[in-house]
2 protein chains.
Amino acid sequence: MGRRDILIAANKPITHVHFLESGIASEVAATPEGRRIEVCITGREGMIGVPLLLDVDRTPHETFVQIEGDTLRIEAAIFRRLIEDRQSLRRILAHYAYVAHLQTAGTALSNGSHALEERLARWLLMCHDRVDGDEFPVTHEFLSTMLGVRRPGVTTAIHSLEGAGMIKARRSYVQVLDRTKLKAAAGDSYGVPETEYRRLIRSGR
Amino acid sequence: MGRRDILIAANKPITHVHFLESGIASEVAATPEGRRIEVCITGREGMIGVPLLLDVDRTPHETFVQIEGDTLRIEAAIFRRLIEDRQSLRRILAHYAYVAHLQTAGTALSNGSHALEERLARWLLMCHDRVDGDEFPVTHEFLSTMLGVRRPGVTTAIHSLEGAGMIKARRSYVQVLDRTKLKAAAGDSYGVPETEYRRLIRSGR
DNA sequence: TGCGGATTGTACGACATAGTACAGATGCCT
DNA sequence: AGGCATCTGTACTATGTCGTACAATCCGCA
């Protein structure tokens with residue numbers, strides 16, 4: 001599963017459901033005019049292909065690989081049968097679908113009422129949650145698309161977080177140095193879906 | 001079902017699933033610090049209580065009555081049994097749950113990359129879709145909370161739309177005069193979930 | 001009929017982000 | 001080792017929205 005691979009193409013039948021073992025996938029909402037913005041990210045905690053769980057065969061959104069990794073995938077038809085037969089599987093996946101909704105709602109909240117620096121901190125935390133180690137690849141340009149802001153704005157915001165000792169940036173990479181401070185910088189933009197995830201899914205293991 | 005009635009309280013067990021016959025409900029994402037912003041609205045096209053469909057008993061979001069109307073409600077336990085027994089019901093509700101996800105994602109997109117005037121136009125269109133007639137009650141103050149912006153900003157934006165002959169505003173009310181123009185003003189912020197709704201649900205009737 | 005709360009209109013400086021442009025730095029590939 | 005595409009740093013003006021304040025208007029209720 002390499003970077004920029006498309007796991008779910010927009011408006012085409014969803015062929016597989018993916019469960020990531022590592023790496024991160026981004027769900028991007030797009031409009032006919034070509035605006036794009038990230039609404040939800042998924043790592044090994046979730047599933048790629050929520051529409052299939054909801055009996056929807058295609059979606060206007062695109063899901064692609066943001067950070068490369070390994071994935072287990074199931075063919076769509078088999079997946080459908082599987083959740084038909086196994087209620088407990090359907091149940092846990094439904095819980096994840098709900099957490100994904102909360103994350104998307106959190107993105108809406110954040111985009112609408114948080115400053116760039118807070119939104120950036122939120123985004124970095126969500127990535128950090130889903131990778132091994134403290135460093136992951138990401139460019140300012142990419143971030144600007146995901147957050148829906150200017151690229152130089154990202155550069156400035158990164159400098160600000162870096163100046164406060166929360167992260168360390170090098171070309172095409174960001175390293176989280178002080179997660180606690182980063183959380184403080186994210187303020188209340190981070191945490192709601194994460195808490196619910198713990199309540200609904202992780203606790204049930 | 002009167003204005004400001006709370007249909008689903010934050011972090012409390014969801015007692016009922018509602019199906020509106022008229023009126024509109026708003027789902028609001030909130031943070032511990034008290035930020036609030038609307039992420040999704042529902043009228044007679046959908047259901048209130050998607051979490052229960054996903055086997056989730058409570059949610060950090062609040063859903064309240066934005067425009068009064070009539071509602072049919074089902075007790076949570078009965079609803080659970082119902083969707084257990086009737087796959088076709090579960091199926092159609094799952095489709096709606098997905099449309100709600102698209103709407104929430106659309107809100108994230110709009111909040112992140114559209115100007116206030118476009119966002120306001122989108123919001124008015126979504127309300128207009130869900131009421132009988134062309135007029136509905138709404139104050140600038142309320143809109144400012146829902147959109148996550150300043151109240152005077154809403155006033156200005158409304159004047160702008162009004163000046164273009166798209167709407168007519170009077171105290172506590174807005175009337176849609178020219179839906180076509182309003183759609184143009186909303187640009188690509190409006191339409192994606194609506195199209196999918198037609199594909200998935202209305203076509204299946 | 002007049003009072004008072006709610007709603008709307010307007011103003012103004014402050015500030016964040018947009019849009020754009022370009023130079024410098026990095027690191028991969030030949 | 002050099003060339004080149006990519007990425008990052010910085011600058012500048014323009015503009016939209018913020019935060020705040022206050023006046024004007026509306027309308028239900030005493």
Side-chain angles (χ1 to χ4, degrees), chain A residues 2-4 33-37 66-68 108-124 135-163 167-175 185-187 189, chain B residues 2-4 33-37 66-68 108-124 135-163 167-175 185-187 189:
Chain A
R3 206 183 312 188
R4 302 295 155 113
E33 288 180 27
R35 275 178 212 265
R36 289 163 64 87
I37 205 166
Q66 183 206 306
I67 294 180
E68 61 180 10
L109 174 73
S110 219
N111 290 355
S113 69
H114 288 111
L116 173 51
E117 205 171 304
E118 291 172 285
R119 288 166 58 191
L120 175 62
R122 170 180 184 262
W123 195 93
L124 294 173
E135 197 176 47
F136 46 89
V138 62
T139 67
H140 299 185
E141 177 71 40
F142 178 79
L143 266 172
S144 76
T145 307
M146 294 299 100
L147 296 174
V149 296
R150 263 178 339 140
R151 199 273 307 159
V154 172
T155 302
T156 312
I158 284 186
H159 290 170
S160 173
L161 297 184
E162 194 166 18
I167 61 172
K168 176 138 181 42
R170 53 174 249 257
R171 186 188 172 84
S172 303
Y173 283 85
V174 167
Q175 182 183 1
S189 72
Chain B
R3 206 182 313 188
R4 303 295 155 111
E33 287 180 28
R35 274 178 211 264
R36 290 164 63 86
I37 204 166
Q66 182 205 306
I67 294 181
E68 61 179 9
L109 175 71
S110 219
N111 290 355
S113 68
H114 288 113
L116 173 51
E117 205 171 304
E118 293 172 284
R119 286 166 60 190
L120 175 62
R122 170 179 185 262
W123 196 93
L124 294 173
E135 199 176 46
F136 46 88
V138 61
T139 66
H140 299 184
E141 177 70 39
F142 178 78
L143 267 171
S144 78
T145 307
M146 293 299 99
L147 297 173
V149 296
R150 262 179 340 140
R151 199 271 310 159
V154 172
T155 302
T156 311
I158 283 187
H159 290 169
S160 173
L161 297 184
E162 194 166 17
I167 61 171
K168 175 136 183 45
R170 53 175 249 258
R171 186 186 173 85
S172 302
Y173 283 87
V174 168
Q175 182 184 0
S189 72

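Reminder, nothing fancy here: chain letters follow the sequence lines and each chain counts from 1. Owing to the predicted nature of the structure, the values given are computational and were not obtained by experimental measurement.
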Take atom [atom1] of [X] and atom [atom2] of [N], then tell me their distance rounded to the nearest Å.
X      : N      : atom1 : atom2 : value
B/L143 : C/dT8  : CG    : C1'   : 13 Å
A/L147 : C/dA16 : CG    : C1'   : 15 Å
B/Y173 : C/dT7  : OH    : P     : 12 Å
A/L161 : D/dT8  : CG    : C1'   : 16 Å
B/H114 : C/dA18 : NE2   : P     : 14 Å
A/H159 : C/dA16 : NE2   : P     : 17 Å
B/E141 : C/dG9  : CD    : P     : 13 Å
B/H140 : D/dA24 : NE2   : C1'   : 14 Å

Hey, which of these two, A/R150 or A/S172, hits DNA chain D nearer its 5' end, going by closest nucleotide? A/S172

Pick the closest DNA chain D nucleotide for A/R170 and for A/G112 by heavy atoms, then say which residue is nearer the 5' end. A/R170

Please work out if A/I158 contacts a base, only the sugar-phosphate, or nothing of the nucleic acid, heavy-atom cut-off 4.0 Å.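 Nothing: the residue A/I158, judged by heavy atoms under 4.0 Å, touches no strand.
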
Report which part of the nucleic acid B/A115 touches: base, sugar-phosphate, or nothing (heavy-atom distance under 4.0 Å, all strands). sugar-phosphate

Flag side-chain contact, heavy atom, 4.5 Å: B/M146 against B/V138: no

Where do B/N111 and A/A108 come nearest, in terms of heavy atoms and distance?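 Minimum heavy-atom separation between B/N111 and A/A108: ND2-O, 2.9 Å.
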
Can you name the nearest heavy-atom pair linking B/A185 to B/E118, along with the distance? O-CG, 3.4 Å

Starting from the 5' end of DNA chain C, give me the residue, A/L116 or A/P152, whose nearest nucleotide shows up first. A/L116

Contact nearer the 5' end of DNA chain C, comparing A/R151 with A/R171: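 First, find each residue's nearest nucleotide; the 5'-ward one identifies A/R151.
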
On the 0 to 90° scale, with breaks at 30° and 60°, tag the A/F136-A/W123 ring pair as parallel, tilted or perpendicular.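 Tilted.
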
Please enumerate all residues that pass salt bridge (charged side-chain N to carboxylate O under 4.0 Å, His left out) together with A/E117, with sequence neighbours excluded.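 If we apply the salt bridge (charged side-chain N to carboxylate O under 4.0 Å, His left out) test to A/E117, skipping adjacent residues, there are no hits.
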
